[in-house]
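Quick note on labels: first sequence line is chain A, next is B, and so on, each numbered from 1.
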Protein chains: 2
Amino acid sequence: MSSQGTAPRVRLNRDRVLQAAVTLADGIGIAPLSMRRLAQELDVVPMALYKHVANKDELLDGMIDVIITEIAPPATGLGWKDVVRGRILSARSVLQRHQWARQVLETRTNKTPGVLAYMDSFIGMFLDGGFSVDLTHHVMHAIGSRMWGFTQELFDEPVNHNDAGAADADDAARQAMFQEMARRYPHVLTIAMASAHDPAGVVGQGCDDQFEFEFALDLLLDGIDRLHAQGWTSVRAQRPATT
Amino acid sequence: MSSQGTAPRVRLNRDRVLQAAVTLADGIGIAPLSMRRLAQELDVVPMALYKHVANKDELLDGMIDVIITEIAPPATGLGWKDVVRGRILSARSVLQRHQWARQVLETRTNKTPGVLAYMDSFIGMFLDGGFSVDLTHHVMHAIGSRMWGFTQELFDEPVNHNDAGAADADDAARQAMFQEMARRYPHVLTIAMASAHDPAGVVGQGCDDQFEFEFALDLLLDGIDRLHAQGWTSVRAQRPATT
DNA sequence: GTGGCAAGGTGTACGGCGTACACCTGCTAA
DNA sequence: TTAGCAGGTGTACGCCGTACACCTTGCCAC
């Protein structure tokens, strides 16, 4: 289709495949991304892909490795906290460009070179900041997926917005549903209203996700800072030796 | 098979289906759980299930609702922190019994009655503890999936343990791989060794997951406590009205 | 009892998926 | 000129979720 006629038919390679997969996933999401669909995008028969990636899992791993390179390197000349903060926010912006990546990262048991390299450099930010190995270890656990710039969003999805049409009759139904929610889940409603002045949103409509993320991140970083400053050490590490 | 001969053939119902699905997922994991496999477990033809659940997504939602009921209700007579802490640890133990649930919760855009009820009661713990609606809202975001007692485990999976056999020749290869890792990801290795005295584990082998979870949880709760004590308020909430 | 009716179980079939395997094609190096 | 091989092709298999038409069963009003 795209290279019809006498076009020279550029050769495929692993990079072109991964790049195309990332672009496609950006466009249509991760669920409809199949080997067949990707092949079609590349004007090639499905099995051709298998000359460049071993299987679909490897494709997904490769896609992650591609987007990791978009994360900014650690800044220099700043305190550990700002370095870590900046890096995480950079990762966050990358993950926001590639929404599918969150799910893939969650699902995958990641151990690709790219992931390891990122983790290595991430750990380095703490060690370079004067953290003990012990504290760094626990801190890495505490940060968890926030390292990638995402948290489980509990309040996602505005609510099932009923596409359009059937407005009036639906309005009454929606009113009723709203009443029912208020009766059964009063607290959820209270919280939802705290940020969304439009009650139709029911949950999280007007949330400023970026604010929420940074709020939680700073809570964490401040806690870590405090532990670091007071020379915190786990009981485990206090044991002089295993003997 | 199981009810051969003249056995009375107990009737199916939504509950039996969900219960069986949970049990099956506990046994074989979530990935191999198909409608066909589940039907077979219930000694029934696949399509029979669709008389009790609309489709597979609804099945998964239903499974979540089933296990939510296993989470202990909030304790009474304690401060908010202990109540929240206890509840989260209870959720954690449930999710540990049903390992598949983490993935399902992550994937799903959950809004089942069970999930809403749990969230509602969860929010209630803060409001009852004297938290402002504003702070509670942000705190809920900060807690995120920790509400369910899990964090993204970055150090999971000991390493690809090569099943058995081919021990000696492999040993040399493993040595080489180890050297290579040490060269390319020194920090990762350092951290891994901090908790696992056996270097073969490479990452996180000897981690005490429960300790790590509680470490991160307490970091969070302490931070929240501090904000609460000092009457923290978001700028947003300080605006008197929208006008 | 008997006819009808709804709830629930069955059988067949379709389109999609990942991918094994045998094959063909066209470029490169000798 | 030709051998070799990297890379693209075609066919096929066994899974998946599920639409749709059908049959069975047990209950109820008559």
Can you check salt bridge (charged side-chain N to carboxylate O under 4.0 Å, His left out) on Arg108(B) and Asp61(B), steps first, answer last? CA-CA 8 Å; Arg108(B) 208 121 298 286; Asp61(B) 283 344; 3.6 Å; yes
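- Of the two residues near DNA chain D, Ala54(B) and Met47(A), the one whose nearest nucleotide lies more 5' is Met47(A).
- One atom, CD of Gln40(A), and another, C1' of dG18(C), lie 16 Å apart when rounded to the nearest Å.
- When rounded to the nearest whole Å, the span between CG of Leu38(A) and P of dG16(C) equals 17 Å.
- Relative to the ring axis of Phe213(B), Arg92(B) places its NZ or CZ within 45° and under 6.0 Å from the centre.
- In this structure, Glu58(A) atom CD and dT19(C) atom P are separated by 11 Å, rounded to whole Å.
- Inspection of the Ser121(A) and Arg87(A) side chains reveals an N or O donor paired with an N or O acceptor under 3.5 Å.
- For Arg11(A), the listed nucleotide lying nearest its side chain is dG7(D); candidates were dG7(D), dT10(C), dT19(C).
- The side chain of Ala48(A) approaches dG8(D) more closely than any other nucleotide in the set dG8(D), dG9(C), dT18(D).
- Aromatic ring pairs are classed by plane angle as parallel below 30°, tilted from 30° to 60° and perpendicular above 60°; the pair Phe215(A) and His138(B) is tilted.
- In this structure, His52(B) places its NE2 atom 4 Å from P of dG9(C), rounding to the nearest Å.
- The nearest whole Å value for the distance from the CG atom in Leu49(B) to the P atom in dG9(C) is 9 Å.
- Atom CE in Met35(A) sits about 13 Å away from atom P in dG8(D), given to the nearest Å.
- Whole-Å rounding puts the Arg14(A) CZ to dG7(D) C1' distance at 16 Å.
- A donor N or O paired with an acceptor N or O is not found under 3.5 Å between the base of dG16(C) and the side-chain atoms of Arg36(A).
- No hydrogens or angles were tested; on distance alone, a donor-acceptor pair under 3.5 Å links the side chain of Lys51(B) to the base of dG9(C).
- Not a single donor-acceptor pair under 3.5 Å links the side chain of Thr112(B) to the backbone N or O of Asp65(B).
- Summary of the strand contacts: Asn13(B) and Tyr50(A) both lie near DNA chain C, and taking for each the nucleotide with the nearest heavy atom, the more 5' one is attributed to Asn13(B).
- Rounded to whole angstrom, the span from the NZ atom of Lys56(B) across to the P atom of dT18(D) amounts to 8 Å.
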